[in-house]
Amino acid sequence: MCGIVGYIGDKNCVPILIEGLKRLEYRGYDSAGVGIINTTECKVVKTKGKVSELEKLVYAEKIQSSLGIGHTRWATHGEPSTINAHPHLNEEKTLFLIHNGIIENYLSLKKGLEKEGYKFNSETDTEVLAHLIDHYLKLKHSLFQAVRYALNEVEGTYGICVIYKGESDKIIAAKKGSPLVLGIGNNENFVASDVNALIAHTKQVVYLEDGEIAEIFKDHFTTKTISDETIIKEIFQVEMGIDEISKSGYPHFMLKEIMDQPESIFNSLRGRLVLDEGISKLGGLEGFEQRILDSKRILITACGTSWHAALVGEYMLEQYAGVPVEVEYASEFRYRNPIIDKDDTVIFISQSGETADTLAAMKEAKKKGALCIGVCNVVGSSIARESDAGVYIHAGPEIGVASTKAFTSQIAVLALITLLLARRKNLSLPEGQEIIAEMKKLTDKVGTILKQNDLIKEISEKYSNARNFLYLGRGYNFPVALEGALKLKEISYIHAEGYPAAEMKHGPIALIDDDMPVVFIATKDSVYDKVISNIQEVRARKGRILAIVNEGDTQIEKMVDHVIKVPKTHNMLTPILTVIPLQLIAYHIAVKKGLNVDQPRNLAKSVTVE
Ligand code: M6R
């Protein structure tokens with residue numbers, strides 16, 4: 001969750017660290033800090049709050065150095081404060097450490113260090129590691145060995161960078177469970193928790209794997225395992241450009257990413273549709289199709305928005321590919337010893353490809369011999385690297401904490417997987433071709449919805465004072481209801497719940513009065529008439545109703561307070577269209593309330609801790 005950046009080279013590292021931290025701030029934003037070492041001084045500047053606060057303090061100090069590390073924090077142990085912000089230091093203030101992850105045995109390590117006389121300033125688990133490394137340095141080990149020995153005592157997860165006055169020609173970086181990537185420059189090297197912080201400087205990257213430790217000099221680097229075996233790492237070329245991680249004139253990343261959807265969906269589908277054969281072509285699944293079809297069942301696991309996409313995947317795979325599918329939260333899956341074996345296929349959906357629970361679930365499924373398929377956005381991410389096969393969603397970088405374009409691209413890719421499997425089973429050529437024809441129209445249809453942004457804003461603002469919301473949908477629109485409620489909760493802090501519309505009368509109907517907005521997702525599908533009955537039930541209790549309906553629907557319009565119209569599409573692609581007004585509703589309500597849409601309180605983009 002925290003952002004990490006480090007630099008060693010000939011330039012002044014301060015602007016590089018600050019700019020890198022700004023690009024990583026979506027990962028965590030409750031406090032930030034930098035540590036630099038030069039020939040005359042070792043300096044740490046840290047503060048509670050945003051990187052912009054840190055920036056003022058750092059530039060006021062006028063520090064210059066060609067070696068430094070920076071960190072933006074999402075608190076786990078200890079409240080957000082200057083003391084708890086990273087870097088953490090040894091007592092002599094000559095060793096600086098930044099850390100992403102959780103050191104689970106920090107209390108027992110701390111006790112041992114206290115017996116040796118070490119004093120602690122912060123409430124963090126990270127400070128323990130700084131002192132533990134110092135302990136090994138005092139035993140006359142090199143910095144590399146001291147870090148390695150210390151990490152051998154650590155239980156938990158980490159992505160760390162360490163710099164030390166006594167060996168100021170290097171950064172030591174190590175990874176277990178939290179992402180770290182090296183950026184290889186010309187007489188300068190970088191390290192960061194994701195490539196966003198590097199691509200302004202270099203496109204050449206090296207992904208560290210769990211249990212690896214790197215010694216990074218300005219002109220070369222070496223890598224070993226933490227049990228001291230040398231490893232040779234491959235250098236990859238990143239395709240992403242710097243323009244892809246800017247707001248492009250939009251006030252927020254979230255709005256930009258909502259508006260990006262015609263293009264992001266197009267990119268998810270590009271080169272993957274074979275109209276003549278009515279099938280999709282997914283290079284990442286080549287050779288695995290039969291094994292998937294022969295599976296006893298498919299399990300899909302994920303967290304948050306990706307879990308909602310998984311539910312849509314369940315509906316489409318069962319309906320069209322005729323394979324039994326189960327969906328489970330990754331956080332539950334990983335701990336309940338699920339019954340899975342080599343005859344199962346498990347699909348892991350993750351925008352970031354770094355979500356700790358999803359990654360741990362994948363390790364569990366792999367151990368049990370299941371075929372593991374990753375559906376990720378971030379190229380080269382841990383889940384993408386560790387899966388047996390996979391499909392990238394190619395939505396482009398998603399920076400806003402609230403996931404938007406990743407959701408629609410995840411559904412597009414799940415539809416491609418469904419089409420691939422269904423055509424190998426019973427789906428006819430004309431049916432396959434019909435799905436493809438509809439997929440090709442998605443870009444224009446999404447554009448039509450986005451053109452209604454002003455209307456959606458006007459309607460949304462009428463509901464911005466509400467304290468609770470109910471989102472209801474059936475069939476493919478049930479996961480959309482869940483997603484709409486999640487979007488509203490996370491960025492507007494309004495309590496919202498998503499339900500299958502028919503479940504309302506089993507409890508939530510008690511909440512309905514003239515103060516309760518109810519959002520119905522009521523497209524013309526096989527359950528349309530049933531949803532109309534549910535609308536009537538809310539109307540009878542004077543609930544305020546906003547409905548997402550299909551173009552041409554005049555029936556619902558007469559029954560509800562407001563409607564937003566979306567084009568009709570193939571039923572399994574419906575969520576791609578119906579979710580877009582819900583994303584915009586959440587966005588406009590949050591903006592109206594004056595909230596920080598891109599960095600909502602308590603959240604972080606990529607949840608790399610349990
Ligand atoms: O990167 P992932 O897709 O694995 O992330 C999963 C969730 O943390 C994520 O979808 C989260 O729920 C978003 N904030 C939702 O907008």
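Side-chain atoms are counted along with the backbone in the values below, which use heavy atoms only and exclude waters and symmetry mates. Numbering of ligands and ligand atoms starts at 1, following listing order. Residue indices begin at 1 and follow the sequence shown. In this text the structure is predicted, and so the values were computed from the model without any measurement.
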Any K593 side-chain heavy atom under 4.5 Å of I589 side chain | yes
With a 4.5 Å heavy-atom cut-off, do D194 and L24 have their side chains touching?
-> yes
For atom 16 (O) of ligand 1, which protein heavy atom lies nearest, and how many Å away is it?
-> E490 OE2, 2.4 Å
Assess E354 for proximity to ligand 1: is some non-hydrogen atom of it under 4.0 Å away?
-> no
Ignoring angles and geometry beyond distance, decide whether S306 reaches within less than 3.5 Å of ligand 1 through its nitrogen or oxygen atoms.
-> yes
Would you say ligand 1 has an N or O under 3.5 Å from any N or O of Q351?
-> yes
Which of these passes side-chain contact (heavy atoms from CB on, under 4.5 Å) with I548: I580, V579, T578, N477?
-> T578
Atoms of ligand 1 under 4.0 Å from any heavy atom of T305, numbered from 1 in the order shown, are 10 (O), 12 (O), 15 (C), 16 (O)
Taking N or O atoms only and a 3.5 Å limit, does G304 qualify as a polar contact for ligand 1?
-> no
Can you pull out the closest protein heavy atom to atom 1 (O) of ligand 1? Residue, atom name and distance to 0.1 Å, please.
-> S352 OG, 2.7 Å
Does the distance from a Lys or Arg side-chain N to an Asp or Glu carboxylate O, for D210 and K175, drop under 4.0 Å?
-> yes
Can you find a pair of side-chain heavy atoms, one from M572 and one from Q319, that are under 4.5 Å apart?
-> no
Quick one: do E398 and K405 make a salt bridge, cutoff under 4.0 Å?
-> no
State the atoms of ligand 1, each with its element, that fall below the 4.0 Å cut-off from a heavy-atom position in A402.
-> 16 (O)
For atom 7 (C) of ligand 1, the closest protein heavy atom turns out to be C303 O, 3.7 Å
With heavy atoms of K487 as the reference, note each atom of ligand 1 found under 4.0 Å away.
-> 15 (C), 16 (O)
Atom indices of ligand 1 within 4.0 angstrom of V401 heavy atoms, with elements | 13 (C), 14 (N), 16 (O)
Which residue supplies the protein heavy atom nearest to atom 5 (O) of ligand 1, what is that atom called, and how far is it?
-> T355 OG1, 3.4 Å
Presence of salt bridge, K367 and E364, under 4.0 angstrom | yes
On the 0 to 90° scale, with breaks at 30° and 60°, tag the F348-F333 ring pair as parallel, tilted or perpendicular.
-> perpendicular
Evaluate the ring planes of F469 and Y463, with Trp represented by its six-membered ring, and classify them as parallel (under 30°), tilted (30 to 60°) or perpendicular (over 60°).
-> tilted
Look at atom 8 (O) of ligand 1 and say which protein heavy atom is nearest, naming residue and atom and giving the distance to 0.1 Å.
-> V607 CG2, 3.9 Å
